[in-house]
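Here's the structure, in structure tokens; my notes come after.
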Amino acid sequence: MMISTKGRYGLRLILDLAKEGNGRPVPVKEIAKRQEISDKYLEQIISQFSKAGLVKSVRGAQGGYILTKPADEITAGEVLRAAEGSIAPVECCEIGCEHSDGCITFGLYKRIKDAVDGVVDSTTIADMLADAGISL
């Protein structure tokens with residue numbers, strides 16, 4: 001399984017908001033500059049995050065985006081799924097198929113999915129920052 005650019009940039013965006021925001025709205029242009037990512041691309045990603053309920057916008061001169069929950073309540077899995085959709089290694093792990101019951105490879109794909117889900121769903125944004133030596 002490969003996490004796309006959208007997923008990688010999305011995680012960086014959320015990590016930046018958690019690190020730099022401290023409860024204040026952060027403009028996308030600031031994040032784009034710090035992360036060296038196109039602000040237009042980040043606008044597309046943050047729109048998905050807004051729809052998923054991970055961030056909310058604050059209008060005005062001091063406006064920008066803030067996290068809707070503390071960093072220790074947002075998992076990497078939530079962020080990746082909001083950016084990527086499914087993070088299953090193959091489609092049949094999510095929706096099944098006519099061959100799932102007798103498929104020789106299905107068990108392997110299911111174990112891969114369960115392992116990935118276990119990691120990303122138990123790792124919070126706060127954990128990722130702490131692993132990088134950054135305290136909130």
Side-chain angles (χ1 to χ4, degrees):
M1 180 193 89
M2 296 279 287
I3 297 172
S4 74
T5 301
K6 187 183 284 188
R8 293 192 318 270
Y9 287 1
L11 272 172
R12 287 171 51 191
L13 186 156
I14 295 291
L15 288 161
D16 192 285
L17 277 175
K19 179 182 169 210
E20 302 295 333
N22 295 322
R24 77 167 177 89
V26 181
V28 171
K29 286 190 184 293
E30 277 185 28
I31 299 168
K33 185 176 181 180
R34 274 192 297 274
Q35 297 299 321
E36 299 180 346
I37 301 170
S38 158
D39 58 329
K40 300 285 188 219
Y41 195 39
L42 286 184
E43 285 284 357
Q44 292 174 16
I45 297 170
I46 209 155
S47 172
Q48 289 178 253
F49 289 169
S50 182
K51 289 176 187 164
L54 293 172
V55 301
K56 66 179 178 179
S57 66
V58 176
R59 297 190 179 273
Q62 301 300 314
Y65 288 89
I66 59 173
L67 298 176
T68 58
K69 302 186 282 190
D72 63 353
E73 294 179 19
I74 300 172
T75 67
E78 289 177 276
V79 175
L80 289 171
R81 287 183 192 94
E84 304 268 352
S86 172
I87 56 173
V90 293
E91 188 176 24
C92 64
C93 284
E94 290 291 330
I95 62 171
C97 78
E98 61 196 51
H99 304 290
S100 295
D101 290 337
C103 179
I104 296 170
T105 59
F106 182 76
L108 172 66
Y109 299 143
K110 180 79 170 91
R111 286 194 302 277
I112 292 169
K113 179 191 180 307
D114 292 345
V116 170
D117 287 348
V119 171
V120 299
D121 292 336
S122 66
T123 304
T124 67
I125 296 304
D127 293 335
M128 293 177 71
L129 290 169
D131 287 348
I134 300 165
S135 61
L136 295 177

Taking side-chain hydrogen bond (donor to acceptor under 3.5 Å, both in side chains) as the definition, give me every residue that meets it alongside [X], ordered by chain and number, with sequence neighbours left out.
X: Ser4; value: Glu84
X: Lys19; value: none
X: Asp117; value: Arg81, Lys113
X: Ser86; value: Glu94

Among residues two or more places apart or on two chains, list those pairs meeting side chain to side chain donor-acceptor pair (under 3.5 Å) that have a residue in [range].
range: residues 125-136; result: Thr124-Asp127
range: residues 34-47; result: Arg12-Gln35, Asp16-Arg34, Asp16-Gln35, Lys29-Asp39
range: residues 51-68; result: none

Would you check if Ile46 and Val28 make a side-chain contact, meaning some heavy-atom pair closer than 4.5 Å?
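Heavy-atom side-chain distance check passes, below 4.5 Å.
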Who passes salt bridge (charged side-chain N to carboxylate O under 4.0 Å, His left out) against Lys69, sequence neighbours left out?
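Once residues adjacent in sequence are excluded, the partners of Lys69 under the salt bridge (charged side-chain N to carboxylate O under 4.0 Å, His left out) criterion are Glu78.
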Looking at residues at least two apart in the chain, or sitting in another chain, which of them share a salt bridge (charged side-chain N to carboxylate O under 4.0 Å, His left out) with Asp114?
Lys110
Sequence neighbours excluded, which residues qualify as side chain to side chain contact (heavy atoms under 4.5 Å, CB included) partners of Ala18?
Leu67, Ala71, Ile125, Leu129
Listed by chain and number, what are the side chain to side chain contact (heavy atoms under 4.5 Å, CB included) partners of Val90, not counting sequence neighbours?
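Applying side chain to side chain contact (heavy atoms under 4.5 Å, CB included) to Val90 gives Cys92, Cys93, Tyr109.
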Find the distance between CE (Met128) and CD1 (Ile74) and round it off to the nearest 0.5 Å.
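Between atom CE of Met128 and atom CD1 of Ile74 there are 12.0 Å.
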Any chain of hydrophobic side-chain contacts (each under 4.5 Å) joining Ile45 to Ile3?
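Yes, Ile45 connects to Ile3 through the hydrophobic network.
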